[in-house]
Participant: 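Would you mind keeping the following structure in view while I ask a few things?
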Amino acid sequence: GQNIDQPTEMTATEGAIVQINCTYQTSGFNGLFWYQQHAGEAPTFLSYNVLDGLEEKGRFSSFLSRSKGYSYLLLKELQMKDSASYLCAVMGGATNKLIFGTGTLLAVQP
Amino acid sequence: SQTIHQWPATLVQPVGSPLSLECTVEGTSNPNLYWYRQAAGRGLQLLFYSVGIGQISSEVPQNLSASRPQDRQFILSSKKLLLSDSGFYLCAWSGAYEQYFGPGTRLTVT
């Protein structure tokens, strides 16, 4: 079967660092994606990992361990505008479809 | 650059009425196209995907259908809407590996 787990909600303080974890079990693996989705809006692409290790992109970094079926998204220097849902998605299977987790709702407080 | 359009942005339809949602992509040729639905508080569910004109794959049994009459046009339809069809409908196209989403259509079936 295919399963993606991430925490439902998290709260963090403006200026701080937060780590959002994602664990997955999929048949086949061709990459892990993180998307940001503000309330009422479409998801926007943040990052892509296909090899083990850390990918850094500005304030956002994403880590992957394929052997552990584990990823995290690290957000530094949090800003109020970072309050959003963060979706973990895995591409796998014979047709390279994306399987999404239910998302982690991050609330950044002053 | 590539852009993806969806319309309408919002829609309120009575149970039993038909549905037609349209998605068009600009700036790319022969894209893979996807229809997702996001119910309130739920993750993204893949409904259909298409790798070319007239080629549609359905992911879940339902009373929805999809068509791709032109290379960059993807249509989601229903002959008779159910209450359970309410949700946020997102069209996406895939680049090298990541998927990019349109602005979405929020459908409320009453």
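Proteins get letters first, then strands, A, B, ... in listed order; numbering begins at 1 in each. These values consider heavy atoms only, across backbone and side chains, with no hydrogens, waters or symmetry-generated copies.
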Participant: Using the ring centroid of each side chain, check whether A:Phe100 and A:Tyr35 are separated by less than 6.0 Å.
Facilitator: yes
Participant: Is the closest basic N to carboxylate O distance between A:Glu56 and A:Lys76 below 4.0 Å?
Facilitator: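 Yes, charged N to carboxylate O under 4.0 Å.
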Participant: Can you classify the ring geometry of B:Phe101 versus B:Tyr36 as parallel (below 30°), tilted (30 to 60°) or perpendicular (above 60°)?
Facilitator: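 Plane angle between 30° and 60°, so tilted.
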Participant: Can you tell me which residue among A:Ser47, A:Ser71, A:Ser62 is in a side-chain hydrogen bond (donor to acceptor under 3.5 Å, both in side chains) with A:Trp34?
Facilitator: A:Ser71
Participant: Under a 4.5 Å cutoff for heavy-atom pairs, which residue among A:Gly103, A:Pro43, A:Ser85 has the most contacts with chain B?
Facilitator: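 Greatest number of close heavy-atom pairs with chain B: A:Pro43.
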Participant: Answer with side chain, backbone, both or neither: which region of B:Leu90 has an atom nearer than 4.5 Å to a non-hydrogen atom of chain A?
Facilitator: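 Contact with chain A is through the side chain of B:Leu90 alone.
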Participant: Chain A heavy atoms under 4.5 Å from B:Phe88: which part of the residue, side chain, backbone, both or neither?
Facilitator: side chain
Participant: With a 4.5 angstrom heavy-atom cut-off, could you sort out which part of A:Leu98 is near chain B: side chain, backbone, both or neither?
Facilitator: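 For A:Leu98, backbone and side chain are both near chain B.
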Participant: Given A:Tyr72, which partner from the list A:Thr23, A:Val18, A:Leu64, A:Asn21 fulfils the side-chain contact (heavy atoms from CB on, under 4.5 Å) test?
Facilitator: A:Asn21
Participant: With only heavy atoms counted, which part of B:Gln6 is less than 4.5 Å from chain A, the side chain, the backbone, both or neither?
Facilitator: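 No part of B:Gln6 comes within 4.5 Å of chain A.
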